[in-house]
Amino acid sequence: VATDEMHPTRTQRSQHEYMFTAKHHGGGSRSDACWSPQVTRDGEFSVFDLADLHSIADDGGWLYGVLRDSNHGLRDLGTWGQQIAEFPKANEGVPWHGFPIWAVNNEAPPNRAAETLRPSKEVFQQMEKVGLITRRERKRLYKGDHA
Amino acid sequence: MIGLPRDGNGAGVPFLRKRFDGIEGFDVCWAGSHPFEPGFCFGSTDGRLLLTDETGQALGDVVKSSASGEAINGVASWQDWVSISTRAEVTFDCVGPRKTRLMFDVGSHGVIATKSGYFLAPLGPSGLMTLKPQAGAPNQAVDIINPSAGQAYFYRVICLRAPDGGEVLAFAHRTSGLGAMLFTGSEDHPLNEISYAGLDVIDVCAVPRADAPLAVAAVGKDGTLILSRDALHDKHPVTMRFEQVQGAAYRLLSARGHLFLLTSQALYLMFGLAERFLSREPVTKSPAPVAVVPMEAVDANLYQDEWLLTVMPDEVHAHFIGEGRQDNLEIVRRKEIRSLTPTALSHSWSEQELHPNRTGAGVG
């Protein structure tokens, strides 16, 4: 996207608004995490919607989500092979946005592969508890491997 | 309990399992060989290790092996030394009379030991760490071998033995392809890399035979198999794919001329495929016997080339793969062996010779 775009609907639980940012859709720098072109707008929004629905959040209120494929596997969300997306907590009245964050392959800049960018262990456990990821997927993703 | 028969032939106790219910919070994520004696080693997501004998009986207490509490992703040993890797650090412990602990604060995808006594840890974009540790020395230096930033990604490494006794390393370099280099410890050698557009190599294993000591098999994330008789010199390896292979590839292992491919959906036992390739049979044109065992495994490893260990979500399974008819294996008897016809892939391989830099870093 050349400019930021709003999704037409709000999340089903919290009524959050969601924005597709140009920065994370190819309009930023090479070091900006980008959504894969294979993920549709509705697909991207559904990652956020499910994250909000299940309150998959860290201590700071940032949300995290995944997207399953028709073969019951996890889809790659980002151009660096990321399978988990992060949604920084938005201020009141400001639309949310997000980007794929973990785990990355070798296409990512080194500063995007650091373990410090990995969501907290509790986030993985929450995802498993509500069925967004399997136990197997939780272990592989936590280790930094693709699921 | 695992309980392996010492002389197992597939008819005794061919499929076993190890659970960890009695160990609070032990969330197993890695399994392999005991570093110093017959038996097993299990790693957990919080950085603990459990050592057992071959019957699955614990040998001592569970040990916290990762200072950071990160998930164990590799254990290797050489003489009195054991190295343990996680995504936060690589540690080296000498358990001999001159007890020594060294720790290197860089995340790794695993660790192996070479017969010449080097530990090698693939550090992703940071390169390949090498260390030949010295007992009793509290501060030692590791070497980091790496081409220019971004040219190679070190995901997996294996060590092959050349006919002259020298060592050759082969690498899974993700989208940079398959890599290989001569390894003589302290000397620098070129790193040969081959790839093609769209390839994402996630694992490589040795398939050596007397007439092909540098033979390897590698696998792409999409299940593409790459077979090479000489990892160091072959610039156009055989590339093929079984369309029936489903899921994202996790591991490719080899023993006794077979290939074992673990994906997110199943374990594929490709009987005799490596052996037929090395015998120059037209493996890309003829059907191959493949057993498909649906499973959701986290990881896999070999134990003494006779047992295939699969790390399941809550336990570890051991499948006997030693001598015997392939259809006599319990893991197979319960499943149908299919005759699968591969698709030969024709890609335009590109090659490049990289000249890694070597930098030193303190470890202690």
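Numbers restart at 1 for each chain; the letters A, B, ... are given by sequence-line order, proteins then strands. As a basis for the values below, the full set of heavy atoms in this structure was taken, side chains included, without hydrogen atoms, waters or symmetry mates.
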K.L.:
Under a plain distance cut-off of 3.5 Å, with no hydrogens placed, do A/Gln12 and A/Asp49 share a side-chain donor-acceptor pair?
P.N.:
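Distance-only check passes for A/Asp49 and A/Gln12.
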
K.L.:
Pick one of side chain, backbone, both or neither for B/Val311, based on which atoms fall under 4.5 Å of a heavy atom in chain A.
P.N.:
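Contact with chain A: none, neither part.
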
K.L.:
Centre of A/Tyr18's six-membered ring, under 6.0 Å away, within 45 degrees of the axis: is that where NZ or CZ of A/Arg10 sits?
P.N.:
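Not satisfied by the 6.0 Å and 45° rule.
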
K.L.:
Side chains of B/Gln246 and B/Gln265: is there a donor and an acceptor less than 3.5 Å apart?
P.N.:
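Note: B/Gln246 and B/Gln265 side chains miss the donor-acceptor criterion.
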
K.L.:
If you tally heavy-atom pairs under 4.5 Å against chain A, which of B/Thr45, B/Asp27, B/Asn73 wins?
P.N.:
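Greatest number of close heavy-atom pairs with chain A: B/Asp27.
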
K.L.:
Side chain, backbone, both or neither: which part of B/Ile72 has a non-hydrogen atom closer than 4.5 Å to chain A?
P.N.:
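Backbone of B/Ile72 only, per the 4.5 Å heavy-atom cut-off to chain A.
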
K.L.:
Among B/Glu89, B/Arg87, B/Arg48, find the one that has a side chain to side chain donor-acceptor pair (under 3.5 Å) with B/Ser66.
P.N.:
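Output: one option passes, namely B/Glu89.
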
K.L.:
Could you look at B/Ala88 and say if it's the side chain, the backbone, both or neither that has a heavy atom under 4.5 Å from chain A?
P.N.:
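Neither part.
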
K.L.:
Could you have a look at A/Glu137, A/His72, A/Arg118 and say which one has the most heavy-atom pairs with chain B under 4.5 angstrom?
P.N.:
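Most heavy-atom pairs within the cutoff with chain B belong to A/Arg118.
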
K.L.:
Which region of B/Phe154, side chain (C-beta onward) or backbone (N, CA, C, O), has a non-hydrogen atom less than 4.5 Å from a non-hydrogen atom of chain A, or is it both or neither?
P.N.:
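Neither part.
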
K.L.:
Say whether B/Thr310 and B/His319, considering side chains only, have a donor N or O and an acceptor N or O under 3.5 Å apart.
P.N.:
yes

